[in-house]
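Heads up: the structure comes next, in structure tokens.
Small disclaimer: the values here were computed from a predicted structure and weren't measured. Throughout, residue positions are numbered sequentially from 1 according to the sequence presented. Quick note: numbers below take in every heavy atom, side chains included, and nothing from hydrogens, waters or symmetry partners.
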Amino acid sequence: SRCLAMPDIPENAWNPSVAKWLCSTTRKPLYSLDEVEQRLRTEDGRVELNRRFAELLDMHYQDQEQREQIFIAFGIFDDASRGGDVARRWLKHAPESAFANMALASHHLSAGWQARGLDFIAETDEARLRNMREEFAQAVPLLSLALKIEPRLSPACVGLAKIGRQSSSDLQRHA
């Protein structure tokens, strides 16, 4: 509400649907890494994690106001120092969870993009490309399993498509 109430930048008028979308993507994630870590300590907490992520996914499709929040929720696992550790713990406790698989895949996706950097691919040195490919190779089976478990999990589909654009037109078409 506060975001939508902000006035336009002088001499710029946002289309109301663009402003609404932009404001919807500036929300905090469902949980912080600390909150996920806390919930992983108990069986009830782990059940709650899966339930809340499932609700967020449902809302992604049912409520225009909640679109994209499922993508934002996985962003916490991008953290290079702790994101992968927390996601691995979740996956260890819930290997059948599409959301736990997506959490660790999100970490590997982010690490792959960080390794690649922002240079044109032709200007990216082989060591960085190798690191990118290694991270993506770890992400692909996690993303594929997440989609097999929960075919509506859009972040997994988008992740596979992004990896495919860098490495495999077959993977991109599959996604």
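- L160 has its side chain within reach of S144: a pair of non-hydrogen atoms, C-beta onward, lies under 4.5 Å apart.
- Atom SG of residue C157 and atom CE of residue M102 lie 10.5 Å apart, to the nearest 0.5 angstrom.
- A salt bridge links R133 with E126: the closest approach of a Lys/Arg side-chain nitrogen to an acidic carboxylate oxygen falls below 4.0 angstrom.
- Between the side chain of S106 and the backbone N or O of F74, at least one donor-acceptor pair lies under 3.5 Å.
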Using the side chain to side chain contact (heavy atoms under 4.5 Å, CB included) rule, take L56 and F99 through it: C-alpha gap first, then chi angles, then the decisive distance, then the call. CA-CA 11 Å; L56 198 60; F99 307 112; over 6 Å; no
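- Using a 30° and 60° split on the angle between ring planes, W113 and F136 fall in the perpendicular class, above 60°.
- Put simply, L109 and L129 are part of the same group of oily side chains (I, L, V, M, F, W, Y) that touch within less than 4.5 Å, one to the next.
- Tracing side-chain contacts under 4.5 Å through hydrophobic residues (I, L, V, M, F, W, Y), one reaches V158 starting from M132; they form part of the same cluster.
- Rounded to the nearest 0.5 Å, atoms CD (Q38) and CD (E48) are 9.0 Å apart.
- Nearest heavy atom pair, residue V86 against residue L40, reads O-CD1, 3.6 Å.
- Across D78 and S110, no two heavy atoms sit closer than the pair CB-OG, 3.4 Å.
- Panel note: side chain E35, backbone S32; a donor-acceptor pair is recorded below 3.5 Å.
- Residues F71 and P155 approach most closely at CE2-CA, 3.4 Å, considering heavy atoms.
- Within the 3.5 Å criterion, the main-chain N or O of A139 finds no donor-acceptor partner in the side chain of H108.
- Considering CG of L57 and CG of L153, their distance stands at 6.0 Å, rounded to 0.5 Å.
- A donor-acceptor pair under 3.5 Å links the side-chain atoms of H60 to the main chain of E68, judged by distance alone.
- Within 6.0 Å of the CD atom in E134, the count of heavy atoms belonging to other residues, nucleotides or ligands exceeds 12.
- Shortest non-hydrogen contact noted between A94 and N50 is CB-ND2, 4.1 Å.
- Counting heavy atoms of neighbouring residues, nucleotides and ligands inside a 6.0 Å radius, atom CG of L118 does not exceed 12 of them.
- A pairwise comparison of heavy atoms in L145 and N101 identifies CD2-OD1, 3.6 Å as the closest pair.
- In this structure, the separation between CG on L142 and CG on L147 is 11.5 Å, given to the nearest 0.5 Å.
- For the atom pair L91 CG and H107 NE2, the distance stands at 12.5 Å (nearest 0.5 Å).
- The shortest non-hydrogen separation linking L143 to A156 is CD2-CA, 3.7 Å.
- If you chain together hydrophobic residues whose side chains sit under 4.5 Å apart, V47 and L30 never meet in one group.
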For the pair R89 and E37, evaluate salt bridge (charged side-chain N to carboxylate O under 4.0 Å, His left out) and give the outcome as yes or no after the intermediate values. CA-CA 8 Å; R89 267 181 274 157; E37 227 172 6; 3.0 Å; yes
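- Using a 4.5 Å cut-off on side-chain heavy atoms (C-beta onward), D34 and R82 make contact.
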Decide side chain to side chain contact (heavy atoms under 4.5 Å, CB included) for F53 and L49; before the verdict, give the C-alpha distance in whole Å, the side-chain angles of both, and the deciding distance to 0.1 Å. CA-CA 6 Å; F53 272 82; L49 276 176; 4.3 Å; yes
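- For the pair Y31 (side chain) and R52 (backbone), a donor-acceptor distance under 3.5 Å is absent.
- We find the CD1-CZ distance between I70 and R152 to be 9.5 Å, quoted to the nearest 0.5 Å.
- R51 has a carboxylate O that lies under 4.0 Å from a charged side-chain N of E55, or vice versa, which qualifies the two as a salt bridge.
- We find that R88 and D85 are joined by a salt bridge, their nearest charged nitrogen and carboxylate oxygen being less than 4.0 Å apart.
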